[in-house]
Amino acid sequence: ELSEKLDAALGKFRQRGVLTEPMVKEGLREIRRILLEADVHFKVTRDFLNRVQEQALGEDVLKSVSPGQQIVKIVHDELAALLGEERAGIAWASKPPTVILVVGLQGSGKTTTAAKLARRFVRDGRQPMLAACDLQRPAAVDQLVTLAKRIKVPVHSGETGGDPVATAQEALAQAEEQNRNVLIVDTAGRLQIDEPLMEELRKLKSALAPQEILLVADAMTGQEAVRIAQGFDDALEITGVALTKMDGDARGGAALSIRGVTGRPIKFVGTGEGVDDLDLADPERLAGRILQ
Amino acid sequence: RVVVDGMDHESLESLEEKLLSADFGVGATLRLVDHVEELTRRGKVRDQKGLRDGLAEEVERLLGATGSDELAEAAEGPTVYLIVGVNGVGKTTSIAKLAWHLRQEGLTVLLAAADTFRAGATEQLRIWADRVGAEFVGGQDRGDPAAVAFDAIDAARARGIDVVLVDTAGRLHTHRNLMEELQKVDRVIRRKIEGGPHETLIVLDATVGQNAVSQVRSFRDAVELTGIVLAKADSTGRGGIVVALAQEHGLPVKLVGTGEGMKDLEAFDPRAFVEGVFE
Ligand SMILES: Nc1nc2c(ncn2[C@@H]2O[C@H](COP(=O)(O)OP(=O)(O)OP(=O)(O)O)[C@@H](O)[C@H]2O)c(=O)[nH]1
Ligand SMILES: Nc1nc2c(ncn2[C@@H]2O[C@H](COP(=O)(O)OP(=O)(O)OP(=O)(O)O)[C@@H](O)[C@H]2O)c(=O)[nH]1
Ligand SMILES: [Mg+2]
Ligand SMILES: [Mg+2]
C-alpha cells in the first residue's frame, strides 16, 4: 500500500523530527510516478507536486506517524482539497426552467448522463424535461426518447439532420409552456478542435442561456483530458464536469487534470449504465482512487 | 546522466514529456528513454535529430513485432469478425465503416446487432446497414446476444454472404457477468464456424490513457483477441498506449478510425503513427 511503499523508499532517512528536503523530494518522485500512472497530466502533476513540496518541507513529523505516511497524508489531503468545492450542486435558476446543457467528446456518456440527471431530478420532486438535440448520430434521438419513456420524463426531439439550435429553442418554449422547471439538453459528441461544431455549441449557449454547462468526460481519458477540457471551457465557460464509467478500474487522473486546468468542479460521477447510476462527486473518494 | 553534443538532461526530459503526453504510459516511456540513452552512450546518437530518429525506429520496430496486421478470411463459407470493447469507444461505427470498405471490394456483408441491451443500439446498426448496403440481423430487446450471432451466421450461410460483422454491447472489463456473456457469444461463433471468429478486434478510443492496458488484459482473458481498432484518431489523442500493448500482448493495430463517416477508416501505418506523435 502507498505509505508502505513510500516508507521503503524513504528508509535511508532514519532521522526523526522534521521532513527534510531530500526526504520529501524522494517521496515526491514516487508520488509523481503514481500520479502519471493514474493518467494525471504531466504538467498538472508537476504543478501539484511543487505545491505539495512547499507544504511538506519543514513540517514536523508527527510522533505517531512515519515520514512516508506523513507525505502520503499531505498529498491525499491536498488532492482532496483541490478536487473539492463548497457549492458543487446545480445552480438553480431563480425563474424556471433551469437549463442544463450537456456537452463533450463522442461516446463520453452524454445521452446516458442526461437521462440520469432527469431521473435524479424526478426523484428530488422536480419536473424535468429532456431535449434530444443530437440530430446527427444514427438513432441518437431514438436512444434518448427510449430512456425518457423509461423514466417517464417528457422529451422534445428534432429530426435527424435537423437544426439542433432550433430544436433546443422549441424545447425551451415547450418547457415553459408545460411548467417544467428544469430542461436538460443533450447534444452531439464533438471534438474540441472542430471549429464549426464548437461554434454550434456557442450558438446553443446563446439561444438557451443555460445555468449549467456540464462537460461529460470519460474517466479513462488520458493526457488529452487537459486539451479537451480547455477547449470546451474556452469556448463555453463550462460550469461543471460529470466523470463517467467510474464503475470500471480507471484511476481517473483525468479528474485532477480537468479540475487543475479549468478550475471547474467535478459535480457528478457516472457509476453504471442504468438511469439511477449517477452519484454526486466525492473529492475524498476521487483522491483515494487516483492515489491507490 | 550522459551529455553528448546537444543531447542533455533537457533533451531527454522533453522527449519523456512528448511520449507521456501521447499516452505512451509510464512503463513504455521509461523503456524508450532508456533505449535512446543507451544509443547515445554507444555513440549511435549525436544530436536532437538522431535522438528522434532513434526513437522513431524503435517504436516502429515494436509496432511491427506483433501478429499480422491483415484481416484474416475464412477458407470457405462466411468470414466472421467479432467486435468488442468498453462502452462508447466506437464499435458500432467502426463496424459500419469496415462494412462499407468491404462492400467497395465487392463483398457482401451482414451486420449482426448483438447489442440487445443499450437503448437505440439495434436501430443505430440497422440505419448503418442500410447506408452501407449491408444485410442486417437483429434480436429481441434484452434478448440473448449469442442467439443473434447464431441467427446471423445461419442467415449468412443461407444467403451466401461473404462477411459477418458481429456488434456487441459496450462492457466494462471489470464486470464479470458481462465478460461471461461475451464468452458465450464467442463460444457460439466458434461452434458454428470452423476457425471462427476469424478476427476478434478490440476497439480502443484514441484518447484513452493507461486503462487500455487493463482493458486488453481482461478482454484477452475472456476471448482470443487478434487485433486493435484505434478509433477517433482524428481527435487530439495519439493512442500511444498501443506501443505498450504491442510489447505486452503482441497485439497489432489493424484499423484506424478517422472520423464519424462511413469512409473514415484506414489501415494502420506505423510510420504515420510515429510522425503523429512528434508533430
Ligand atoms: N459502465 C458505464 N457505462 C456508461 C456510463 N455512462 C455511459 N455509459 C455507456 O457508455 C456508452 C456511451 O454512452 P452515450 O450516452 O451513448 O454517450 P454519448 O456521449 O451520448 O455518445 P455520442 O452521443 O455518440 O457522443 C453507452 O454504452 C452507455 O451505456 C457509466 O457511468 N458507466
Ligand atoms: N471523431 C470520431 N468519432 C467517432 C469515431 N468512431 C466513432 N465515433 C463516434 O463515437 C461515438 C460512439 O460510437 P459508437 O460506434 O456508438 O460506439 P460504441 O462502442 O458502439 O458504443 P456502445 O455500443 O454504446 O458501447 C459516436 O458518436 C460515433 O460517431 C472516429 O473514428 N472519429
Ligand atoms: Mg449521445
Ligand atoms: Mg455500439
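The chains referred to below are lettered A, B, ... by the order of the sequence lines, with proteins before strands, and numbering in each begins at 1.
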With B/F136 via ring pair (Phe, Tyr, Trp, His ring centres under 6.0 Å) - residues at least two apart: none

For B/F268, all residues meeting ring pair (Phe, Tyr, Trp, His ring centres under 6.0 Å), sequence neighbours excluded: B/F273

What's the spacing between A/D218 CG and B/N87 CG if we round to 0.5 Å?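 Here the interatomic distance stands at 8.5 Å.
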
Between [X] and [Y], does any side-chain donor sit less than 3.5 Å from a side-chain acceptor?
X: A/Q223; Y: B/S21; result: no
X: A/E224; Y: B/S235; result: no
X: B/E260; Y: A/Q106; result: yes

Output the option from A/R251, A/R33, A/K43 having the highest count of non-hydrogen pairs under 4.5 Å with chain B.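 Top count of heavy-atom pairs under 4.5 Å with chain B: A/R33.
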
If you tally heavy-atom pairs under 4.5 Å between each of A/P138, A/A38, A/G109, A/G107 and chain B, the highest tally belongs to A/P138

Report, in residue-number order, which members of residues 117-128 of chain B are under 4.5 Å from chain A by heavy-atom distance.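 Listed by number: B/F117, B/R118, B/A119, B/G120, B/E123, B/Q124, B/I127, B/W128.
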
Set out, in order, the CA-CA distance, both residues' side-chain angles and the distance that settles side chain to side chain contact (heavy atoms under 4.5 Å, CB included) for B/Q210 and A/M220, then state yes or no. CA-CA 8 Å; B/Q210 290 155 99; A/M220 58 172 163; over 6 Å; no

Quick one: do A/L105 and B/T207 satisfy side chain to side chain contact (heavy atoms under 4.5 Å, CB included)? Show the steps, please. CA-CA 10 Å; A/L105 241 60; B/T207 63; 3.9 Å; yes

If I measure from the heavy atoms of chain B, does [X] come under 4.5 Å with its side chain, its backbone, both, or neither?
X: A/R32; result: side chain
X: A/L36; result: both
X: A/E273; result: side chain

Is [X] atom [atom1] crowded by more than 12 heavy atoms from other residues, nucleotides or ligands, each under 6.0 Å away?
X: B/Q140; atom1: CD; answer: no
X: B/R142; atom1: CZ; answer: yes
X: A/R285; atom1: CZ; answer: no

Just give me the residue among B/G170, B/G25, B/G209, B/A22 that pairs up with chain A most often, heavy atom to heavy atom, under 4.5 Å. B/G209

Taking B/T93, B/D234, B/I241 one by one, which has the highest count of heavy-atom pairs under 4.5 Å against chain A?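 Result: the option with the highest number of such pairs is B/D234.
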
How about B/N211 and A/D249: do any of their side-chain heavy atoms sit closer than 4.5 Å? yes

Any B/T174 side-chain heavy atom under 4.5 Å of A/D247 side chain: no

Stepwise, does the side chain to side chain contact (heavy atoms under 4.5 Å, CB included) test hold for A/Q192 with B/T236? CA-CA 9 Å; A/Q192 81 281 4; B/T236 48; 3.2 Å; yes

Quick one: what part of B/V89 sits under 4.5 Å from any heavy atom of chain A, side chain, backbone, both or neither?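 For B/V89, the contact with chain A is made by the side chain alone.
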
Close approach to chain B in residues 145-154 of chain A, criterion heavy atom under 4.5 Å: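 Counting heavy atoms that sit under 4.5 Å from chain B, the residues of residues 145-154 of chain A involved are A/T146, A/L147, A/R150.
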
